[in-house]
There are 2 protein chains.
Amino acid sequence: MVGTHGTSEAKRLDGHQTETDAELIPDARGRTDKPEPTCPVEVALAAISGRWATLVLRELMHGPCSFGELRARLPTLTAKVLTDRLGELVAQGLVAKDRLPGFPVRTSYRLTDAGMELRPLLITLYSTGSRVLAALAPRDE
Amino acid sequence: MVGTHGTSEAKRLDGHQTETDAELIPDARGRTDKPEPTCPVEVALAAISGRWATLVLRELMHGPCSFGELRARLPTLTAKVLTDRLGELVAQGLVAKDRLPGFPVRTSYRLTDAGMELRPLLITLYSTGSRVLAALAPRDE
DNA sequence: CGGGATCCTTACGGATACTG
DNA sequence: CAGTATCCGTAAGGATCCCG
């Protein structure tokens, strides 16, 4: 039925080559037809989603950091949003929170081993964005 | 003033080593203290942000695809959201929309050169998510 | 087939003020 | 210093119905 005409045009739309899929979808967790929290892509996405998330992560990549230091380095980020973002990262097991003894109270935030795994992603976000900008620059296509 | 005590504890919190920064922040566009649309990271983030965005991109990575085909492959995605997502991608110059002549109307969506640049990012999202899950699996730290 | 037009609800980001 | 407590406006996602 489908093959009666066999035009190359129909094939281009219908036929999806599965050759390169293994690169994009290495295993069964990627073969999903909707956003599943268990899909690795969604896990990574959750880590960097939310405004300011990548900037907070970038600062923590430099090493442990206190709440106030983070605020100082990201001056226009309000305490509420920073608390939200850090709370999410802690809940995801990407950041650990250490209360330092003494007074006034100091809290040190640092990346966990899982959080460290995000470094290549931040680097790829940067390089990808750069290449996209470069590809758009010549002409709008 | 700062150096009077010189405890290693203070250094760990205050001193951010600039050694590895070049990897994370290659040029001036990355040295921002707030989310700037011109920052490459924000550009890449914009491309994959919004629910279903990565799934739509994944499908388009296989090759051009019509509106209905996208709906068929992502059954629980409503037409409105798909229209939104595609519209954003087109507005960002990552996807091109071709109206095919004939009846009924067919529209073919395909990645532009800029959109193709997102492939490594999708792959990194997957591998990063996998490694994060693996790092969290042994123990919660 | 490929959307557009509405409407609704919730989540998110931000501002401001206050506390242990 | 390191948050918490409120309040608010907007925008995003989804459902439903309709049109060319």
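The chains referred to below are lettered A, B, ... by the order of the sequence lines, with proteins before strands, and numbering in each begins at 1.
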Inset, instruction - Apply side-chain contact (heavy atoms from CB on, under 4.5 Å) to the pair B:Ile123 and A:Leu24, showing each step before the final yes or no. - result: CA-CA 6 Å; B:Ile123 295 171; A:Leu24 220 53; 3.9 Å; yes
Legend entry - Approximate separation, where rounding is to 0.5 Å, of A:Leu118 CG and B:Arg131 CZ: 8.5 Å
Legend entry - Protein-nucleotide distance (A:Phe67, atom CZ; C:dG20, atom C1'), rounded to Å: 14 Å
Inset, instruction - May I ask you to verify if any side-chain N or O of A:Tyr109 is less than 4.0 angstrom from the OP1 or OP2 atom of D:dC1? - result: no
Legend entry - A:Val105 vs A:Arg85, nearer the 5' end of DNA chain C by closest nucleotide: A:Arg85
Inset, instruction - Please answer whether the main-chain N or O of A:Gly30 pairs with a side-chain N or O of B:Tyr126 as donor and acceptor at a distance below 3.5 Å. - result: yes
Inset, instruction - Give a yes/no on whether any side-chain N or O of A:Lys97 is located under 4.0 angstrom from OP1 or OP2 of D:dG3. - result: yes
Inset, instruction - Just compare D:dT16, C:dG2, C:dA15 and give me whichever is closest to any side-chain atom of B:Arg106. - result: C:dG2
Legend entry - Between C:dG3 (C1') and B:Leu86 (CG): distance, integer Å: 11 Å
Legend entry - Short side-chain N/O contact from A:Arg71 to OP1 or OP2 of D:dG3, under 4.0 Å: no
Legend entry - Side-chain heavy-atom pair B:Val56, B:Leu77 within 4.5 angstrom cut-off: yes
Legend entry - Interface with DNA chain C, restricted to residues 41-48 of chain B and to heavy atoms under 4.0 Å: none
Legend entry - Residue among A:Leu82, A:Asp84, A:Leu74 satisfying side chain to side chain contact (heavy atoms under 4.5 Å, CB included) with A:Trp52: A:Leu74
Legend entry - Whole angstrom value for the distance that separates C1' of C:dG3 from CD of B:Glu69: 16 Å
Legend entry - B:Trp52 side-chain proximity, nearest of D:dG14, C:dG13, C:dG2: D:dG14
Legend entry - Whole angstrom value for the distance that separates C1' of C:dA15 from CG of A:Leu82: 15 Å
Inset, instruction - Measure from CG on B:Asp98 to C1' on C:dG2 and round the result to the nearest Å. - result: 15 Å
Legend entry - Earlier contact from the 5' end, DNA chain D, for B:Glu88 and B:Ala79: B:Glu88
Inset, instruction - Report yes if at least one side-chain N or O of B:Arg51 is closer than 4.0 Å to OP1 or OP2 of D:dA12; otherwise report no. - result: no
Legend entry - Side-chain N,O (B:Thr107) to OP1/OP2 (C:dG3) below 4.0 Å: yes
Legend entry - Out of D:dA15, D:dA2, C:dC1, whichever nucleotide has its closest atom nearest the side chain of B:Thr78: D:dA15
Legend entry - Atom pair distance, as rounded to whole Å: CG in B:Asp84 and P in C:dG4: 9 Å
Inset, instruction - Quick one: do B:Glu69 and B:Glu59 satisfy side-chain contact (heavy atoms from CB on, under 4.5 Å)? Show the steps, please. - result: CA-CA 9 Å; B:Glu69 282 169 338; B:Glu59 295 307 323; over 6 Å; no
Inset, instruction - Take B:Arg119 and A:Glu23 through the salt bridge (charged side-chain N to carboxylate O under 4.0 Å, His left out) test and state the conclusion after the steps. - result: CA-CA 10 Å; B:Arg119 170 176 271 265; A:Glu23 208 182 23; 2.8 Å; yes
Inset, instruction - Grab the CG-C1' distance between A:Leu100 and D:dA2 for me, whole Å please. - result: 12 Å
Inset, instruction - Go through the N and O atoms of the side chain of A:Lys80 and the base of C:dG13, and report whether any donor-acceptor pair is under 3.5 Å. - result: yes
Legend entry - Validation row: B:Leu111, B:Leu89 side chains within 4.5 angstrom (heavy atoms): no
Inset, instruction - Could you check which of D:dG14, C:dG14, C:dG2 has an atom nearest any side-chain atom of B:Val81? - result: D:dG14
Legend entry - Nearest-angstrom distance from the residue atom CG of A:Leu77 to P of D:dG3: 13 Å
